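Written below as structure tokens is the structure these notes are about.
Everything numeric here is computed off the predicted structure, so don't read it as measured data. Reckoned from all heavy atoms, side chains included, excluding hydrogens, waters and symmetry mates.
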Amino acid sequence: MDSSDFDLQISQFQQELGSLHLEMENTTQQFLGASKPFIINWFRDIAASNVKLQPEITKNLGVEKLTAMKKELEDLCNQIEELVNKYLNIDEIWAHRKNFKQNINETIIAYAIYGNKMPEIIDNALRSLLGCIGKILEKYGYYKKGAWFKPPSSNYYYNFKLDWSQNMKSAITKYSKQNQTNIESSNKLERVKRNKEEFEAKDMWDKI
């Protein structure tokens, strides 16, 4: 065996990872596409629910202010592309776009799915996006203690139970499995690189 044998293995692993990352990006785009109608429907449902369940506030607002609120709601829905790009289509929350320095178990856990509990790293980003409607609800008096959390200098964060759409769940389940393969292959690649370094170091010593 010589150094070129390691180079061949490294090249093969890099090609496999490149193909896998393309597949993972496709899955990411499937998730982002599925999230858009979910978010719009959620915005509309949460607003309608607040209007219905807090009739005293609704009646005090009157038609004119409710009309203004509904317009702000629809303006928010029309910003869906921008919102998804800002909160969900970011490198920091997708494993294949970022070189995570965690060990294999920690990284798999970060994207693991436990029953109906979706990966926290994605769920937190989604909840921050959904918090964008919090400002509107607060403006018109529909703030509900416990449902929203507002960190300093930040948007609201939706803090109650959240059930993703089936299409979103399917996409992230697929991504979670792809990520496990991604981490395992990445670790194999790093081991081959390390073996090459050790081989070359020993070879230098033996030639002296």
Side-chain angles (χ1 to χ4, degrees), residues 9-43 75-114 116-135 148-159 162-194:
Q9 293 180 53
I10 290 170
S11 177
Q12 289 173 338
F13 276 122
Q14 288 174 333
Q15 289 178 19
E16 290 175 7
L17 281 168
S19 297
L20 178 59
H21 288 174
L22 287 176
E23 293 176 11
M24 292 176 77
E25 181 61 28
N26 287 336
T27 306
T28 299
Q29 294 304 319
Q30 291 173 16
F31 174 83
L32 296 176
S35 74
K36 294 171 187 176
F38 169 81
I39 293 164
I40 290 174
N41 289 332
W42 190 90
F43 280 155
D75 287 343
L76 182 65
C77 292
N78 289 334
Q79 297 173 36
I80 188 63
E81 293 289 340
E82 178 184 340
L83 292 172
V84 167
N85 284 332
K86 180 179 179 181
Y87 289 93
L88 298 178
N89 194 15
I90 54 175
D91 295 348
E92 287 80 4
I93 66 173
W94 298 104
H96 71 288
R97 297 185 184 177
K98 186 175 181 179
N99 182 25
F100 284 92
K101 298 299 183 183
Q102 303 145 307
N103 65 41
I104 182 169
N105 290 328
E106 290 173 340
T107 310
I108 290 175
I109 289 171
Y111 293 88
I113 297 170
Y114 302 99
N116 289 324
K117 184 174 174 56
M118 297 295 106
E120 190 171 295
I121 192 170
I122 309 297
D123 192 59
N124 284 343
L126 177 61
R127 289 174 178 275
S128 293
L129 190 163
L130 297 178
C132 290
I133 198 176
K135 185 176 180 181
W148 307 95
F149 169 68
K150 188 178 182 182
S153 304
S154 180
N155 274 334
Y156 281 100
Y157 173 96
Y158 186 65
N159 211 29
L162 181 65
D163 189 21
W164 294 12
S165 72
Q166 189 56 51
N167 287 340
M168 292 167 68
K169 290 178 182 178
S170 295
I172 213 66
T173 298
K174 181 179 179 181
Y175 188 89
S176 179
K177 293 176 181 178
Q178 290 172 328
N179 182 58
Q180 184 166 348
T181 302
N182 174 48
I183 298 304
E184 291 170 351
S185 296
S186 295
N187 274 267
K188 289 178 183 178
L189 173 60
E190 292 305 312
R191 283 199 295 272
V192 172
K193 288 181 177 180
R194 178 65 181 178

Counting only heavy atoms not in D75 (residues, nucleotides, ligands), do more than 12 fall under 6.0 Å from its CG? yes

Going by the side-chain contact (heavy atoms from CB on, under 4.5 Å) test, name the single residue among I122, N124, T28, D123 that passes it with I93. I122

Side chain of T173, backbone of K169: donor and acceptor closer than 3.5 Å? yes

Looking at every non-hydrogen atom in both residues, tell me the closest pair between C132 and F43 and how far apart they are. CB-CZ, 4.5 Å

So OG of S19 and CD of Q14: to nearest 0.5 Å the spacing works out to 12.0 Å

Is the shortest heavy-atom distance from the side chain of L130 to the side chain of L162 under 4.5 Å? yes

Report the C-alpha separation of Q178 and H96 in whole Å, then their side-chain angles, then the decisive distance to 0.1 Å, and conclude whether the side chain to side chain contact (heavy atoms under 4.5 Å, CB included) test is met. CA-CA 9 Å; Q178 290 172 328; H96 71 288; over 6 Å; no

Identify the two heavy atoms, one from I183 and one from N187, that lie closest to each other, and give their separation to 0.1 Å. O-ND2, 2.8 Å

Report the distance from atom CZ of R191 to atom CD1 of I10, rounding to the nearest 0.5 Å. 13.0 Å

Side chains of Q12 and E16: is there a donor and an acceptor less than 3.5 Å apart? no

Rounded to the nearest 0.5 Å, what separates atom CD in E92 from atom CZ in R97? 9.5 Å

CD1 of I80 to NZ of K36, rounded to nearest 0.5 Å, is 7.5 Å

Are more than 12 heavy atoms from other residues, nucleotides or ligands located less than 6.0 Å from atom CD of Q79? yes

Separation between OH of Y157 and CG of L129, rounded to the nearest 0.5 Å: 12.0 Å

Sub-3.5 Å donor-acceptor pair from the side chain of Y111 to the main-chain atoms of N179, do we have one? no

What is the minimum heavy-atom distance between F38 and D163, and which atoms define it? CE1-O, 3.3 Å

Output for pair (N26 CG, M24 CE), nearest 0.5 Å, gives 11.5 Å

Nearest heavy-atom approach of A34 to S165 is O-OG, 4.3 Å

Take M118 and L126 through the test side chain to side chain contact (heavy atoms under 4.5 Å, CB included) and record every step on the way to the result. CA-CA 11 Å; M118 297 295 106; L126 177 61; over 6 Å; no

Are I39 and L83 close enough, and set up right, to give a side chain to side chain contact (heavy atoms under 4.5 Å, CB included), and what steps lead you there? CA-CA 10 Å; I39 293 164; L83 292 172; 5.6 Å; no

Check whether any side-chain heavy atom of L189 sits under 4.5 Å from a side-chain heavy atom of Q9, and report yes or no. no

If you compare all heavy atoms of I90 against all heavy atoms of W94, which two are closest, and at what distance to 0.1 Å? O-CD1, 3.1 Å

Looking only at heavy atoms, the pair that brings Y158 and R127 closest together is O-NH1, 3.0 Å

